[in-house]
Amino acid sequence: MPLDEPPGVEPVAPRDHATALLEALRAVFALVDELEALRTENRQLKEALEGRALIERAKGMLMAVRGCDEGAAFQLLVALSRKQGRKVRAVAADMTTGGAPLPLP
């Protein structure tokens, strides 16, 4: 025995239910994709901030040891990065953790 629809509600055909469900699933999958993209962006931003902090620390150390300004310290980091074939962040990390000696004047 079919259930009566509430007053003022037109009966919906089963095909319309399937279409509505499919649209809802598409919307959910789109939200999941967006969430994953936001998580990836968040991770990348955190890594960028951590890298920036390492670079700033390494620049400060170079400025103190070499007596140079900020621009020259950064250029030295870039030059070392190119020479070693590594990212500036990696060179800075080694410098700040004692994994590499500071280049003296």
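Keep in mind that the numbers below use all heavy atoms, side chains included, and drop hydrogens, waters and symmetry copies. Remember, predicted model here, so these are calculated numbers, not experimental data. All residue numbers in this chain count up from 1 along the given sequence.
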Min side-chain heavy-atom separation [X]-[Y] under 4.5 Å:
X	Y	value
E41	L38	yes
D33	E36	no
F74	L62	no

For [X] and [Y], which heavy atoms make the closest approach, and how far apart are they?
X	Y	answer
V91	S81	CG2-CA, 3.8 Å
L54	A93	CD1-CB, 3.8 Å
C68	A73	SG-N, 3.8 Å

### Query
So does R86 have more than 12 non-hydrogen atoms from other groups sitting under 6.0 Å from CZ?
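Yes, because the 6.0 Å sphere around CZ of R86 holds more than 12 heavy atoms from other groups.
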
### Crowding at CZ, R43 (>12 non-hydrogen neighbours, <6.0 Å)
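Yes, CZ of R43 has more than 12 neighbouring heavy atoms, counting only those of other groups under 6.0 Å.
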
When rounded to the nearest 0.5 angstrom, what is the spacing between [atom1] in [X] and [atom2] in [Y]?
X	Y	atom1	atom2	result
Q75	D69	CD	CG	10.0 Å
R57	T97	CZ	OG1	9.5 Å
L77	R82	CG	CZ	12.0 Å

### Message
Is there a path of hydrophobic side-chain contacts, each under 4.5 Å between heavy atoms, that joins M95 and V88?
### Response
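Per the 4.5 Å side-chain linkage, M95 and V88 are co-clustered.
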
### Shared hydrophobic cluster, M63 / V65 (ILVMFWY, side-chain heavy atoms < 4.5 Å)
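The answer is no; the residues belong to distinct hydrophobic clusters.
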
### Query
Are E50 and K46 ion-paired here, with the side-chain N under 4.0 Å from a carboxylate O?
no

### Message
Strictly below 4.0 Å, N to O, side chains only: are K59 and E56 in salt-bridge contact?
### Response
yes

